[in-house]
Each structure stands twice: as structure tokens, then as C-alpha cells.
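As C-alpha cells, the structure follows; a few thoughts come after it.
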Amino acid sequence: MNPFLDIKEEVKQALKDKRPVVALESTIISHGMPYPRNVETALMVEQTIRDNGAVPATIAIIGGRLKVGLTADDLEYFGKKGPAITKVSRRDIPVVVAKQEDGATTVAATMIIAAMAGIKVFATGGIGGVHRGAEKTMDISADLDEFTKTPVLVVCAGAKAILDLNLTMEYLETKGVPVFAYGTDELPAFYTRTSGIKAPMRADRPAEIAEVWKAREALEMNTGFIVANPIPVEYSMSPERINRAIEEALFEMNGLGIRGKETTPYLLDKVQKITGGDSLESNIKLVLNNAALAAAIAAEIEK
Ligand code: PSU
Ligand code: MN
């Protein structure tokens, strides 16, 4: 066992008994939503996973320890401290561990720690991707490369339109990452159910995805999977409205010269402000929807 890992007793027991466990990230809490909705959401997501028969394991770094399973006090701490906590992706893990600091883990970093603990399934809202204008900026999230080397299945609601979805899909194809659209032929785009982009693969039941996962295991391929689960119709937003907000946020960001790891948190916050919080409501609902599907897939994998 990795000497830096601290797995919560409940999670440890579930893994030992081969019961379903679902990992959750902490950057979505600190950098993805405002306080106190971020903490409320984190608690609701954990409850949704329990209601669907799995054990939740929110992942973060506290005092340099890799924590798998947080307490309600930990969630409050991360939510309240917000963007003052270091956002940790793959490259940052050894630095934060060496300095014994706190870190909020992105999708990439959460996948790494989940895999160390033996957790196979992870639920979130949106993953990072290839940013618009990446042919000049080369801004491609480290999340995408993580799927080439870390075998964790991530349930998300597609990628946000702050990204270039076509380039993101091309990149994932090149890298050999399976992407399933759940119950649809089209790639969902986070706030909206449609994107105009045909999904490479479609799955209609958790058992279908679990079967492909088991084939991957048998083949000993260290590839992660992406399951893109469309936002429920009743919470989806108008594409015109959300795209206008995104255009405005991108314009302001370019004017400010924001780069690197700051771009995604800046855009998420700006879009929430421009839409007067409506996008936040949709965001919360889609995360809960993803948590339920992730629990169902985790249960099928352990069957
Ligand atoms: N997209 C969202 N919400 C989020 C994120 C992305 O819709 O909260 C967060 C996730 O933690 C993701 C990270 O892993 O942003 C990606 O950051 P970057 O683009 O800097 O890799
Ligand atoms: Mn980036």
C-alpha cells in the first residue's frame, strides 16, 4: 500500500468486500462552485451515491496526505477556503505532498489517487479538454492524457462549451480513449443535451459499459473511460443563452491575459455570474445525475 494514502475506514471496508465505491473530486468544490452551494452539493452528491447502493469517496490532499474519503468537516473546509486552496493536477501532486500542504484534486489528480486506492469509478460534472484557440495557446487539459495511463472510468456530462468539443474528441481519438454517450447518439455538452457532434460510442445500460470495462481489464490495458451522461431535459439550458455567456467570458479572459491553470476556474466563475446563477443550478443537477449513473455502473462492475 502506498505510504501517502489515507483511506477512510468505510471505503477501505467496501473495497475489501468488493462492494461498489465511487470517487469524487475536490476541485469542483473549491474552484468549480461558490460557497456554500459547493458544500451543500458535495454532501448531496455523496448521499445520492449511497441512495444508489455505493460508497462515496471524495478525494483531496490534506497536509500532504492523499485522502480517500473526506469527513463533513473536511468538505466544509475545502468549500469555505475555495480558490485559496491549491488546484492540484498530475504535475502538482509530488510538490504538495513534499511540502505537506493541502490540495484540491482535478479530474486527472483524482483519477491517479483513486487508482492507487483501487477505486474504478468516479463521478464529476465536467472534465477538462482542448480549449478554444488551442492551435495557438496549446491549452489542453492534463485530464485528457490521464485517460491514456490511468484505468478509471469517469462519468461526466460531456465537456463544457468553454472548450472546443470537436478538437477534444479528435484528441481523445488519437490518444485511444473510449468515450460513451449514455442513452444518446450525440455527445452531450454539459449544460445542453446536444452538441451536433456524433458520439464515438453509445451505451444504454450500465451493464453494457461494465462489460467493456471488464474486457479492458482482461486485456490489461491501462486506459480510462469517459461516460458522457446528458443533463436531464428539465434542467438543460438554452444553447443560445449559454453560448453567449461563454463568448463574453472568453472575451474578458483574453483581455485580462489569463493563462495556465487559472483559465478553467476563471471561465466557470464568469459564466455563473453572467447567467445570474442559472448555470449553477443546472450544474448541481447534472452532477447528481452523474453520481447516480456512476453508482449503477460501479455496482455492475462488482457483480
Ligand atoms: N469543468 C467543469 N467543472 C469543473 C472543472 C472542469 O465543468 O469543476 C474542473 C475539474 O476539476 C477539471 C479541471 O479536472 O477543472 C480542469 O482544469 P484544467 O482545464 O486546468 O485542466
Ligand atoms: Mn489548461
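What you are looking at is a predicted structure, and each value in this text was computed from that prediction instead of being measured. Order of appearance sets the numbers: ligands from 1, and atoms from 1 within every ligand.
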Proximity to ligand 1 by part of Thr264, non-hydrogen separation under 4.0 Å
side chain

So for Val107 against ligand 1, with non-hydrogen atoms under 4.0 Å, the contacting part is both

Shortest heavy-atom approach to atom 1 (N) of ligand 1 - which of Ala159, Gly126, Gly129, Gly128
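Considering heavy atoms of Ala159, Gly126, Gly129, Gly128, the nearest to atom 1 (N) of ligand 1 sits in Gly126.
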
Option among Val22, Val11, Ile49, Leu70 that satisfies the side chain to side chain contact (heavy atoms under 4.5 Å, CB included) test with Pro56
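When Val22, Val11, Ile49, Leu70 are each tested with Pro56, the side chain to side chain contact (heavy atoms under 4.5 Å, CB included) holds only for Ile49.
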
For [atom], find the nearest protein heavy atom and state the residue, atom name and distance (0.1 Å precision).
atom: atom 2 (C) of ligand 1; value: Lys160 NZ, 3.4 Å
atom: atom 9 (C) of ligand 1; value: Thr27 CG2, 4.2 Å
atom: atom 21 (O) of ligand 1; value: Ser141 OG, 2.6 Å
atom: atom 13 (C) of ligand 1; value: Asp143 OD2, 4.1 Å
atom: atom 17 (O) of ligand 1; value: Lys87 NZ, 3.2 Å
atom: atom 11 (O) of ligand 1; value: Glu25 OE1, 2.6 Å

Return the orientation label for the Trp213 and Phe225 ring planes: parallel under 30°, perpendicular over 60°, tilted otherwise.
perpendicular

Evaluate [X] for polar contact with ligand 1, using N/O atom pairs at a separation under 3.5 Å.
X: Thr105; value: no
X: Thr106; value: no
X: Leu268; value: no

Taking NZ, NE, NH1 and NH2 as the nitrogens, is one of them in [X] or [Y] under 4.0 Å from a carboxylate oxygen of the other?
X: Glu10; Y: Arg50; value: yes
X: Lys120; Y: Glu302; value: yes
X: Lys214; Y: Glu300; value: no
X: Glu247; Y: Arg132; value: yes

Using modelled atom types and a 3.5 Å cut-off, is there a donor and acceptor pairing between side-chain atoms of Ser26 and backbone atoms of Ile59?
yes

Examine ligand 1 and decide if any of its atoms is less than 4.0 Å from a heavy atom belonging to His31.
no

Could you check whether any heavy atom of His131 sits closer than 4.0 Å to an atom of ligand 1, since that is the contact criterion I want to use?
yes

One should read off an interatomic distance between Met237 CE and Asp278 CG, to the nearest 0.5 angstrom, of 5.5 Å

Leu250 CG to Lys270 NZ distance, which is reported to the nearest 0.5 Å
12.0 Å

In terms of heavy-atom contacts, does CD of Glu234 have more than 12 from other residues, nucleotides or ligands at under 6.0 Å?
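Yes.
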
Is Tyr35 atom OH crowded by more than 12 heavy atoms from other residues, nucleotides or ligands, each under 6.0 Å away?
yes

Worked verdict on Ile284 versus Tyr235 for side chain to side chain contact (heavy atoms under 4.5 Å, CB included)
CA-CA 10 Å; Ile284 292 169; Tyr235 306 120; over 6 Å; no

Qualifying side-chain hydrogen bond (donor to acceptor under 3.5 Å, both in side chains) pairs with a residue from residues 58-68, counting only residues at least two apart or across chains
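Applying side-chain hydrogen bond (donor to acceptor under 3.5 Å, both in side chains) to every pair that reaches into residues 58-68, excluding sequence neighbours, yields Asp6-Arg65, Asp6-Lys67, Glu46-Thr58.
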
Output, by chain and residue number, all protein N/O/S atoms separated from the Mn ion (ligand 2) by less than 2.8 Å.
Asp139 OD1

Picking from Asp145, Asn166, Asp164, what satisfies side-chain hydrogen bond (donor to acceptor under 3.5 Å, both in side chains) with Tyr171?
Asp145

If the cut-off is 4.0 Å to any non-hydrogen atom of Ile28, which atoms of ligand 1 fall inside it?
8 (O)

Mark up the atoms of ligand 1 that fall under 4.0 Å of a heavy atom belonging to Phe190, in ascending order.
7 (O)

